[in-house]
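A short worksheet on the structure shown next.
What you see below is based on every heavy atom in this structure, not just the backbone, and it leaves out hydrogens, waters and symmetry mates. All ligand and atom numbering here is 1-based and tracks the order in the structure.
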Amino acid sequence: MKLNCAIVGATGAVGQEILHLLEQKDFPLHSLRCFASPASAGKKVVFKSREIPIEQLSEKSFEDIDLAFFAAGKEVSKKYIPLALESGAYVIDSSSAFRKDPSIPLIIPEINPHHIEDARLISSPNCTASIMLMVLAPLHKKYPIKRIIASTYQAFSGAGLKEMEKLKNETLHYLTEQKPSSYAFNLFLHPSQMGADDYVEEEKKMIEETHKILGDPTIAISATCVRVPILRVHALSLNVEFAEKMSKEEALSLLASAPGIEYLENPTPARVAGKENVCYGRIRKDLSHPNTLEFWVLGDQLLKGAALNAVQIGEHLWHSRLRWAQKRPIFH
Ligand SMILES: NC(=O)c1ccc[n+]([C@@H]2O[C@H](COP(=O)([O-])OP(=O)(O)OC[C@H]3O[C@@H](n4cnc5c(N)ncnc54)[C@H](OP(=O)(O)O)[C@@H]3O)[C@@H](O)[C@H]2O)c1
């Protein structure tokens, strides 16, 4: 008794990682269908040594699907998720389409699995917010956080496969032909939409999604998000003020027993790429402000910030709900 699953966006940066993880983790699959844009229809992906055709997404794609992973952008999610739900599927969405909706749970399984309740649509959070919260949520439980100041160094894979290719090509052309480039050996403010308050969308997501996941809108948060010319792994410098004094040693001890994270001496993107765990290092007291610690946190955001989190939500649903369901549309 296993699940008929679908990946929407199976050819993309996140979709390909979902595919690898379903394979590696031996997810309880009865069948797997892969969807992408019309441009990819007819291509194939390899799963467990078998070729699976890429299909063009349509209104009928979700008949017989029990669980659909969406990783194709928010417009695709807005249009097709209602159809998938209508067909009886459970949906895990990596896009931002429904994250702000108070009726849709926004889940990091290590932090707030209880928010899922009986939902059939579950949103997976923004990659930068996820990486930050994997380290801060275990501390917040014991020492409530008053204020976070975050500065990010975000990889190009955060913008998808095409942007990764563009960084590689521009770097090559810069080195071989001295062709000017805004990507190679450069960095820039996160290019998401600027709001009337002078914060870009990515910065607002870090603020709003933290409040929703921790269930605490009182935490003061400011963020500055920057794209840096690396392919994988987002890095975050976090200045965190707690309501009470917490020593560096206490923070390290609380984090040592938290799931999904690990301490690394001097973590770098090169060391963290491909790791499922979010890594932290260089915790120190902020000498300029009381009750405040500095953190250096890195995570492969294609994994814990997107694909891994989505697959873990799927595993949670399987163990808590889907495997106990009595009859179709859930079972095969
Ligand atoms: N990248 C990250 O680190 C990250 C982290 C968290 C959340 N997310 C979210 O995850 C989603 C996917 O991001 P990504 O980085 O994987 O992007 P991506 O590499 O650009 O991949 C986009 C995928 O969507 C497919 N697609 C585009 N238009 C479609 C359509 N009309 N119908 C069906 N499929 C369509 C593409 O198919 P083709 O190959 O045929 O074009 C491709 O498979 C986005 O919502 C993003 O915000 C990404």
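At least one test fails for Lys146 against the ring of Phe242: distance under 6.0 Å to the centre or angle within 45° of the axis. Geometrically, Arg282 does not engage Phe295 in a cation-pi contact defined by less than 6.0 Å to the ring centre and at most 45° from the axis.
Salt bridge Glu63/Lys60: absent, no basic N to carboxylate O contact under 4.0 Å.
Evaluation of the salt bridge (charged side-chain N to carboxylate O under 4.0 Å, His left out) test over residues 87-110, restricted to residues two or more places apart or in two chains, returns Arg99-Glu209, Lys100-Glu208, Glu110-Lys304.
At a heavy-atom cutoff of 4.0 Å, ligand 1 is surrounded by Gly9, Ala10, Thr11, Gly12, Ala13, Val14, Ala36, Ser37, Ser40, Leu57, Ala71, Ala72, Gly73, Val76, Ser94, Ser95, Arg99, Cys127, Ser157, Gly158, Gly160, Leu161, Gln301, Leu302, Gly305, Ala306.
Side-chain contact, Thr11 with Gln16: no donor N or O sits under 3.5 Å from an acceptor N or O.
At most 12 heavy atoms of other shown residues, nucleotides or ligands fall within 6.0 angstrom of atom OH in Tyr174.
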